[in-house]
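Please read the structure below before turning to the comments.
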Amino acid sequence: AQTVTQSQPEMSVQEAETVTLSCTYDTSESDYYLFWYKQPPSRQMILVIRQEAYKQQNATENRFSVNFQKAAKSFSLKISDSQLGDAAMYFCASLDGNQFYFGTGTSLTVIP
Amino acid sequence: NAGVMQNPRHLVRRRGQEARLRCSPMKGHSHVYWYRQLPEEGLKFMVYLQKENIIDESGMPKERFSAEFPKEGPSILRIQQVVRGDSAAYFCASSPTQGRGVYGYTFGSGTRLTVV
């Protein structure tokens with residue numbers, strides 16, 4: 001089994017600023033996948049970004065990017081130019097076989 | 001493409017009643033997964049099914065919970081004799097294939113079960 005740890009229950013950021021959400025994981029797999037999901041109040045789980053562990057290059061999706069440190073088993077999410085619509089719970093997750101392992105989430109508040 | 005459809009969105013049951021949660025996967029998806037989200041927690045895997053087969057039920061409680069994905073119709077997660085501790089959001093996800101990376105893995109909006 002894998003474990004995923006998010007040590008920041010809550011974070012806040014000023015609109016248009018940058019924020020980084022932390023995540024660490026533990027796995028014995030050599031090849032694995034990591035994800036960030038966004039969960040707004042609507043409860044929908046929205047895929048933000050995904051990283052294949054065998055890829056050296058950090059994944060980027062528009063204003064969202066990750067800092068993947070494989071040796072440290074760290075996978076942080078950076079949100080640039082934060083917008084009010086970014087306010088949500090953010091979950092870090094790893095994929096082992098057919099099942100996801102999720103962290104406990106970080107609640108992000110965006111201050112106008 | 002309607003996405004993964006779950007119903008009902010909200011379900012209230014009295015202790016001891018049965019709860020039935022439905023999940024229709026995305027069109028073309030033959031793999032279904034159920035997860036449970038307790039308050040203030042992340043989603044936790046319960047069961048993985050393909051049509052007419054349970055592939056992995058390692059996350060299912062041993063008693064009162066069952067799941068099926070029949071040849072025709074939606075996948076059903078069934079909770080018998082519900083207790084207050086079953087109150088949670090139950091999410092379904094589907095994917096077109098099995099395998100590393102599981103591209104196309106898509107979540108529904110969940111069913112919030114409240115046991116009173």
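Chain naming here is simple, since letters A, B, ... match the order of the sequence lines and numbering starts at 1 in each.
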Any residue of residues 72-82 of chain A which, by heavy atoms, sits under 4.5 Å from chain B:
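The list, in residue order, is empty: none.
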Neighbours of chain B found in residues 103-112 of chain A - heavy atoms under 4.5 Å:
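Contacts with chain B: A:Gly103, A:Thr104.
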I'd like to verify something: which residue of B:Ser58, B:Gly59, B:Gly108, B:Ala93 has the highest number of heavy-atom pairs under 4.5 Å with chain A?
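Of the options given, most contacts go to B:Gly108.
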Could you measure the distance from the CD atom of A:Gln99 to the CG atom of B:Asp56? Nearest 0.5 Å is fine.
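If we round to the nearest 0.5 Å, A:Gln99:CD and B:Asp56:CG are 6.0 Å apart.
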Applying disulfide (SG to SG under 2.5 Å) as the test, list every pair that has at least one member in residues 33-82 of chain B; sequence neighbours left out.
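Residue pairs passing disulfide (SG to SG under 2.5 Å), neighbours aside: none found.
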Over 12 non-hydrogen atoms of neighbours within 6.0 angstrom of CD in B:Gln81:
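No - once you tally the heavy atoms of other residues, nucleotides and ligands closer than 6.0 Å, there are 12 at most.
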Enclosure of B:Arg15 CZ (heavy-atom neighbours >12, cutoff 6.0 Å)
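Atom CZ in B:Arg15 is not crowded, with 12 or fewer foreign heavy atoms closer than 6.0 Å.
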Ring centroid separation B:Phe107 to A:Tyr37 under 6.0 Å
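Between B:Phe107 and A:Tyr37, the centre distance is under 6.0 Å.
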Using the ring centroid of each side chain, check whether B:Tyr33 and A:Phe100 are separated by less than 6.0 Å.
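No; A:Phe100 has its ring centre 6.0 Å or more from that of B:Tyr33.
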Are [Y] and [X] connected in a single hydrophobic cluster, I mean Ile/Leu/Val/Met/Phe/Trp/Tyr linked by side-chain heavy atoms less than 4.5 Å apart?
X	Y	result
B:Val47	B:Tyr105	no
A:Leu95	B:Ile55	yes
B:Tyr90	B:Val32	yes
B:Leu49	B:Ile79	yes
B:Ile76	B:Leu21	no

Answer with side chain, backbone, both or neither: which region of A:Gln6 has an atom nearer than 4.5 Å to a non-hydrogen atom of chain B?
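Neither part, no heavy atoms under 4.5 Å.
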Please report the closest heavy-atom contact between B:Gln37 and A:Phe91, naming both atoms and the distance.
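Scanning both residues completely, I find the closest heavy atoms to be NE2-CZ, 3.4 Å.
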Quick one, B:Phe91 and A:Gln39 - any side-chain contact, counting heavy atoms below 4.5 Å?
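Result yes, sub-4.5 Å side-chain heavy-atom pair found.
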Audit row: A:Phe102, B:Phe45, side-chain contact (heavy atoms from CB on, under 4.5 Å) steps and yes/no:
CA-CA 9 Å; A:Phe102 286 88; B:Phe45 171 81; over 6 Å; no
Side chain / backbone / both / neither for B:Glu40 at chain A, heavy atoms under 4.5 Å
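Backbone of B:Glu40 only, per the 4.5 Å heavy-atom cut-off to chain A.
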Where along residues 109-116 of chain B does a heavy atom come under 4.5 Å of chain A, listed by residue number?
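So the qualifying residues are B:Ser109, B:Gly110, B:Thr111, B:Arg112.
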Whether the side chain of A:Arg43 engages the backbone of B:Ala89 through a donor-acceptor N/O pair (distance < 3.5 Å, no angle test) should be reported.
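Not a single qualifying donor-acceptor pair exists.
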